[in-house]
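Scroll down for the structure; my scribbles are underneath it.
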Amino acid sequence: MKSFNIAVLSGDGIGPEVMAEALRVLAAVEKKCGLQFQFTEARVGGIAIDVDGEALPEETLRICRAADAILFGSVGGPKWESLPPQKQPERAALLPLRKHFGLFANLRPAICFPKLTHASPVKESIVSGGFDVLCVRELTGGLYFGQPKYSREENGDTVAVDTMVYKKSEIERIAHIAFKAAQGRNKHLTSIDKANVLENSVLWRKTLTEIAPQYPDVTLAHLYVDNAAMQLIKNPKGFDVILAENLFGDILSDEMAMITGSLGMLPSASLGLSETAHGRFGLFEPSGGTAPDIAGKGIANPIAQILSAGMMLRYALGEPAAADLIDAAVLRVIDSGLRTGDIWSEGTQRVGTREMGEAIAQAL
Ligand code: NAD
């Protein structure tokens, strides 16, 4: 029987509530697929600040290092908002985790379920039947990290400088992630750049074009980022996987999350430098935050956390069939009419966090 060590970092707000349902669904996967999960819980974020005095205690890092993957909830909330910025839960927990594990590839599926198109702010004629676009974003390079980076007085004026830098090797490694992801989906990859203006983008496009022959089953298209922002909203169904550098990916993945209309449904994966026996080490978490407005009420939507567990099976644990089962169970439960408050509409049945988790585990 295959056995996996999972570090479970539930965090704050709705984190523990939705995590409990993801673990319930993983327990159903264990039975169904003959897998074994060893869950080790660890504190992170605000709760860790309260108990241990820091957002990412050494013990939590040790548990993560010993694991095959990290299943993460979310961190932060009003209680810790008055702390200095560098001590705040997101900055002091998530950024060091990204850095420690070299989490360079951010995967955010933007899925609009056929039965939830009413939640999208985009016209029904555009989203009818739903869509499923995977946004792959480079997470550790580009403008956010390039040096020099400063703001200073020069000749009586204030000058701010950010530097966009990419090495070919950095583009290659994220490109392989995107091509492989496309192979497991509808085999179409759209690479986003601004090659008409930026040297970085010229290298980006050239590198993607060079790698493409290694993936003959995947068709590669290139799109300028300004055009991509328009096409994604005009025809999201025309895309399968999109790949972008850090800044472009940050913006476009948020645009895509917005047009699905359902934040509580969106999972994400951040994949690291180290490959494991089963896949690639990574951190798997919902796209949303700790939702302080509904925390503790048992009404949060656990689906983003459950689908994040599915992404963990697919990308870190090498169990795509088990991930497919989770995706299918979620679809079946949505089709059956069960809804948490955030996705509820007239004629559907409103349920709480736990009932939704139980229904998905049952559907497995
Ligand atoms: P948020 O995503 O927590 O909430 C935005 C809105 O979406 C709220 O109305 C919330 O109720 C709703 N929502 C989010 N997830 C939901 C779910 N699963 N089910 C139902 N409704 C859901 O964003 P925010 O309000 O900007 O941030 C709240 C806190 O979360 C802040 O402290 C922020 O720093 C933190 N945050 C953490 C992460 C992370 O840990 N990765 C990410 C984003 C925000």
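Everything numeric here is computed off the predicted structure, so don't read it as measured data. Whatever order the structure lists ligands and atoms in, that order sets their numbers, starting from 1.
- Counting only N and O atoms by type, the side chains of Glu245 and Asn200 include no donor and acceptor under 3.5 Å apart.
- Residues Ser253 and Arg137 bring no donor and acceptor atom of their side chains to less than 3.5 Å of each other.
- Ring planes of Tyr215 and Phe179: parallel class, angle under 30° (limits at 30 and 60°).
- Figure legend: Arg173 and Phe104 shown as a cation-pi pair, the cationic atom lying under 6.0 angstrom from the six-membered ring centre and within 45 degrees of its axis.
- One side chain, Tyr144 or Asp250, offers a donor N or O that lies under 3.5 Å from an acceptor on the other.
- No side-chain heavy atom of Leu325 sits less than 4.5 Å from a side-chain heavy atom of Val29.
- Near ligand 1, residues Ile14, Ser74, Val75, Gly76, Gly77, Glu90, Leu94, Leu263, Gly264, Glu285, Gly288, Gly289, Thr290, Ala291, Pro292, Asp293, Ile294, Ala300, Asn301, Asp342 come within 4.0 angstrom through at least one heavy atom.
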